[in-house]
Engineer: 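A single structure is presented below for examination.
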Amino acid sequence: MSVKSLIAAVCGTILKVAAAVLIIMLIYRGALKAYDYGYRVFEEPPVSAGEGRVVSVTITEDMSAGEMGRLFLSKGLIRDDKLFVAQYYLSEFRKELKTGDFELSTAMTVEEMMEAMTKEPVVEEPEPAGDDALPPDITDPDGDGDSGDAADPDGTGTPEGT
(Lines give C-alpha, C1' and ligand atoms only; values in the text may rest on other atoms or scores of the structure.)
Protein backbone atom coordinates (compact mmCIF):
# COMPACT_ATOMS: atom_id res chain seq x y z
CA MET A 1 0.00 0.00 0.00
CA SER A 2 1.36 3.38 -0.90
CA VAL A 3 1.43 6.46 1.31
CA LYS A 4 -1.07 8.26 -0.96
CA SER A 5 -3.68 5.54 -0.68
CA LEU A 6 -3.15 5.34 3.11
CA ILE A 7 -3.71 9.13 3.48
CA ALA A 8 -6.77 8.95 1.23
CA ALA A 9 -8.23 6.10 3.32
CA VAL A 10 -7.62 7.98 6.60
CA CYS A 11 -9.12 11.21 5.21
CA GLY A 12 -12.13 9.31 3.84
CA THR A 13 -12.69 7.66 7.22
CA ILE A 14 -12.42 11.02 9.04
CA LEU A 15 -14.95 12.59 6.65
CA LYS A 16 -17.38 9.67 7.09
CA VAL A 17 -17.12 9.89 10.91
CA ALA A 18 -17.56 13.69 10.82
CA ALA A 19 -20.62 13.36 8.57
CA ALA A 20 -22.10 10.68 10.86
CA VAL A 21 -21.52 12.86 13.95
CA LEU A 22 -23.13 15.86 12.20
CA ILE A 23 -26.19 13.81 11.18
CA ILE A 24 -26.54 12.42 14.73
CA MET A 25 -26.31 15.95 16.19
CA LEU A 26 -28.96 17.26 13.79
CA ILE A 27 -31.31 14.36 14.59
CA TYR A 28 -30.74 14.87 18.33
CA ARG A 29 -31.45 18.62 18.17
CA GLY A 30 -34.51 18.05 16.00
CA ALA A 31 -35.82 15.44 18.42
CA LEU A 32 -35.33 17.83 21.37
CA LYS A 33 -37.21 20.61 19.56
CA ALA A 34 -40.01 18.25 18.53
CA TYR A 35 -40.33 16.94 22.09
CA ASP A 36 -40.36 20.46 23.52
CA TYR A 37 -43.04 21.60 21.05
CA GLY A 38 -45.12 18.48 21.68
CA TYR A 39 -44.82 18.97 25.43
CA ARG A 40 -45.92 22.60 25.11
CA VAL A 41 -49.05 21.54 23.21
CA PHE A 42 -50.37 19.92 26.37
CA GLU A 43 -48.51 21.75 29.16
CA GLU A 44 -47.99 25.33 27.98
CA PRO A 45 -47.98 27.61 31.05
CA PRO A 46 -50.00 30.86 31.06
CA VAL A 47 -48.34 34.01 29.72
CA SER A 48 -48.26 35.59 33.17
CA ALA A 49 -48.34 34.25 36.70
CA GLY A 50 -50.65 35.47 39.43
CA GLU A 51 -53.83 37.31 38.50
CA GLY A 52 -52.64 38.44 35.09
CA ARG A 53 -54.30 41.08 32.96
CA VAL A 54 -57.88 40.80 31.70
CA VAL A 55 -58.30 41.21 27.95
CA SER A 56 -61.52 41.50 25.98
CA VAL A 57 -61.67 39.54 22.71
CA THR A 58 -64.43 39.18 20.12
CA ILE A 59 -64.83 35.80 18.43
CA THR A 60 -66.88 35.72 15.23
CA GLU A 61 -68.52 32.75 13.60
CA ASP A 62 -66.33 32.83 10.49
CA MET A 63 -63.02 32.97 12.44
CA SER A 64 -60.55 30.16 11.79
CA ALA A 65 -58.19 28.69 14.38
CA GLY A 66 -55.28 30.56 12.80
CA GLU A 67 -57.14 33.88 12.97
CA MET A 68 -58.01 33.25 16.62
CA GLY A 69 -54.35 32.43 17.29
CA ARG A 70 -53.17 35.66 15.65
CA LEU A 71 -55.80 37.64 17.61
CA PHE A 72 -54.77 36.06 20.92
CA LEU A 73 -51.09 36.64 20.10
CA SER A 74 -51.73 40.32 19.31
CA LYS A 75 -53.62 40.72 22.62
CA GLY A 76 -50.78 39.06 24.57
CA LEU A 77 -52.83 36.02 25.66
CA ILE A 78 -50.50 33.42 24.08
CA ARG A 79 -46.84 33.16 23.05
CA ASP A 80 -47.13 31.19 19.78
CA ASP A 81 -50.07 31.32 17.38
CA LYS A 82 -49.06 28.12 15.55
CA LEU A 83 -48.92 26.27 18.86
CA PHE A 84 -52.41 27.62 19.59
CA VAL A 85 -53.70 26.06 16.37
CA ALA A 86 -52.38 22.64 17.44
CA GLN A 87 -53.91 23.12 20.90
CA TYR A 88 -57.20 24.19 19.32
CA TYR A 89 -57.51 21.08 17.15
CA LEU A 90 -56.56 18.79 20.06
CA SER A 91 -58.95 20.47 22.52
CA GLU A 92 -62.09 18.76 23.74
CA PHE A 93 -63.86 22.16 23.76
CA ARG A 94 -63.29 22.89 20.06
CA LYS A 95 -66.81 21.99 18.90
CA GLU A 96 -68.51 23.79 21.82
CA LEU A 97 -66.95 27.25 21.35
CA LYS A 98 -69.41 30.13 21.22
CA THR A 99 -69.11 33.43 19.39
CA GLY A 100 -69.23 36.86 21.01
CA ASP A 101 -67.22 39.02 23.40
CA PHE A 102 -65.19 37.24 26.07
CA GLU A 103 -63.11 38.44 29.00
CA LEU A 104 -59.92 36.32 29.08
CA SER A 105 -56.86 36.65 31.30
CA THR A 106 -53.15 36.33 30.61
CA ALA A 107 -53.07 34.04 33.67
CA MET A 108 -55.23 31.45 31.85
CA THR A 109 -53.91 28.48 29.90
CA VAL A 110 -55.24 27.94 26.38
CA GLU A 111 -57.42 25.11 27.69
CA GLU A 112 -58.93 27.46 30.32
CA MET A 113 -59.53 30.13 27.65
CA MET A 114 -61.35 27.64 25.46
CA GLU A 115 -63.40 26.42 28.39
CA ALA A 116 -64.37 30.05 29.14
CA MET A 117 -65.41 30.46 25.50
CA THR A 118 -67.84 27.54 25.78
CA LYS A 119 -69.93 29.56 28.22
CA GLU A 120 -72.20 32.41 27.15
CA PRO A 121 -70.29 35.55 26.12
CA VAL A 122 -69.99 38.53 28.45
CA VAL A 123 -72.87 40.92 27.91
CA GLU A 124 -72.40 44.33 29.45
CA GLU A 125 -75.61 45.50 31.06
CA PRO A 126 -76.38 49.22 30.88
CA GLU A 127 -76.41 51.22 34.11
CA PRO A 128 -79.93 51.92 35.45
CA ALA A 129 -80.93 55.53 34.91
CA GLY A 130 -83.13 55.97 38.01
CA ASP A 131 -82.40 56.73 41.68
CA ASP A 132 -80.57 53.38 41.90
CA ALA A 133 -77.70 54.76 39.82
CA LEU A 134 -76.94 57.59 42.27
CA PRO A 135 -74.52 57.07 45.15
CA PRO A 136 -76.16 56.88 48.63
CA ASP A 137 -74.75 60.23 49.74
CA ILE A 138 -76.67 61.98 46.94
CA THR A 139 -80.00 60.21 47.51
CA ASP A 140 -79.59 60.48 51.32
CA PRO A 141 -77.57 63.66 51.94
CA ASP A 142 -77.58 63.47 55.74
CA GLY A 143 -76.77 59.74 55.79
CA ASP A 144 -79.41 58.82 58.39
CA GLY A 145 -81.26 56.33 56.24
CA ASP A 146 -84.25 58.46 55.33
CA SER A 147 -84.51 60.36 52.10
CA GLY A 148 -85.27 63.72 53.74
CA ASP A 149 -88.98 63.86 52.86
CA ALA A 150 -91.09 67.01 53.35
CA ALA A 151 -92.79 65.75 56.54
CA ASP A 152 -89.39 65.48 58.28
CA PRO A 153 -87.08 68.15 56.79
CA ASP A 154 -84.66 68.26 59.71
CA GLY A 155 -84.20 64.44 59.86
CA THR A 156 -85.20 64.20 63.55
CA GLY A 157 -88.07 61.80 62.99
CA THR A 158 -90.70 64.29 64.11
CA PRO A 159 -92.90 66.14 61.67
CA GLU A 160 -92.37 69.84 61.24
CA GLY A 161 -94.18 71.98 63.80
CA THR A 162 -94.58 69.36 66.60
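Residues: numbered from 1 along the sequence shown. Quick caveat, the model's predicted, so the values are computed rather than measured.
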Engineer: Mind listing the closest non-hydrogen atom pair of Met68 and Tyr88 along with its distance?
Structural biologist: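 Of all heavy-atom pairs spanning Met68 and Tyr88, the closest is CE-CE1, 3.4 Å.
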Engineer: With side-chain contact (heavy atoms from CB on, under 4.5 Å) as the test, would you mind laying out the steps for Val57 and Phe72 before giving the verdict?
Structural biologist: CA-CA 8 Å; Val57 295; Phe72 287 5; 4.0 Å; yes
Engineer: Restricting to non-hydrogen atoms, name the atom on Gly50 and the atom on Ala107 that form the minimum distance, rounded to 0.1 Å.
Structural biologist: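 What the structure gives for the nearest pair is O-CB, 3.2 Å.
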Engineer: Are Leu26 and Tyr35 grouped together when hydrophobic residues (ILVMFWY) are joined by side-chain heavy atoms under 4.5 angstrom apart?
Structural biologist: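 No, separate clusters.
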Engineer: Is there a donor-acceptor pair under 3.5 Å between the side chain of Glu96 and the backbone N or O of Thr118?
Structural biologist: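 Here the side-chain-to-backbone pair does not exist.
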Engineer: Check the surroundings of atom NZ in Lys82: do more than 12 heavy atoms from other residues, nucleotides or ligands lie under 6.0 Å from it?
Structural biologist: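 For Lys82, atom NZ is not crowded (no more than 12 foreign heavy atoms under 6.0 Å).
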Engineer: Check Met108 against Ala116 and note the closest heavy-atom contact, atom names and distance.
Structural biologist: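 Scanning both residues completely, I find the closest heavy atoms to be CE-CB, 4.2 Å.
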Engineer: Rounded to the nearest 0.5 Å, how far apart are CD of Glu67 and CD1 of Ile59?
Structural biologist: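 CD1 of Ile59 is found 10.0 Å from CD of Glu67.
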Engineer: Main chain of Arg40, side chain of Gln87: is a donor-acceptor contact present, judged purely on distance under 3.5 Å?
Structural biologist: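 Flag set: sc Gln87 to bb Arg40 pair under 3.5 Å.
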Engineer: Going only through I, L, V, M, F, W and Y residues with side-chain contacts under 4.5 Å, is there a path from Leu15 to Ile23?
Structural biologist: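 Each belongs to a different hydrophobic cluster.
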Engineer: Give, for atom CG of Asp62 and atom OG1 of Thr99, the distance between the pair rounded to the nearest 0.5 Å.
Structural biologist: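 Separation between the atoms: 10.0 Å.
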Engineer: For Tyr28, what residues pass the side chain to side chain contact (heavy atoms under 4.5 Å, CB included) criterion, not counting sequence neighbours?
Structural biologist: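 Here the qualifying residues are Leu32.
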Engineer: Supply the atom-to-atom distance Leu73 CG to Leu77 CG, rounded to the nearest 0.5 angstrom.
Structural biologist: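 Between Leu73 CG and Leu77 CG, I get 9.5 Å after rounding to 0.5 Å.
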Engineer: Would you name the heavy atoms of Val55 and Arg53 that are closest together and state the gap between them?
Structural biologist: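 Answer, listing the atom of Val55 first, then Arg53: CG2-NH1, 3.3 Å.
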Engineer: Has the side chain of Ser105 got a donor or acceptor atom that lies under 3.5 Å from a matching backbone atom of Glu51?
Structural biologist: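 Yes; judged by distance alone, with no hydrogens or angles, the pair exists.
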Engineer: Is it true that Tyr89 and Leu97 fall in one hydrophobic cluster, defined by side-chain heavy atoms closer than 4.5 Å?
Structural biologist: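 Yes.
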Engineer: I need the Leu90 CG to Phe42 CZ distance, nearest 0.5 Å.
Structural biologist: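 Answer for the CG-CZ pair, Leu90 versus Phe42, is 5.0 Å.
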Engineer: State, to 0.1 Å, how close Phe84 and Gly69 come at their nearest heavy-atom pair, and which atoms those are.
Structural biologist: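 Looking at all heavy atoms of both residues, the shortest contact is CD2-CA, 3.4 Å.
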Engineer: Of all residues at least two apart in sequence or in a different chain, which pass the side chain to side chain contact (heavy atoms under 4.5 Å, CB included) check with Glu111?
Structural biologist: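 Residues passing side chain to side chain contact (heavy atoms under 4.5 Å, CB included) with Glu111: Ser91, Glu92, Phe93, Thr109.
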Engineer: Working note: Val41 + Leu83, criterion side-chain contact (heavy atoms from CB on, under 4.5 Å); need CA distance, chi angles, decisive distance, verdict.
Structural biologist: CA-CA 6 Å; Val41 167; Leu83 181 66; 3.5 Å; yes
Engineer: Taking all atoms of both residues into account, what is the closest heavy-atom pair of Met113 and Leu104, and its distance?
Structural biologist: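 For Met113 and Leu104, the tightest heavy-atom pair comes out as O-CD2, 4.1 Å.
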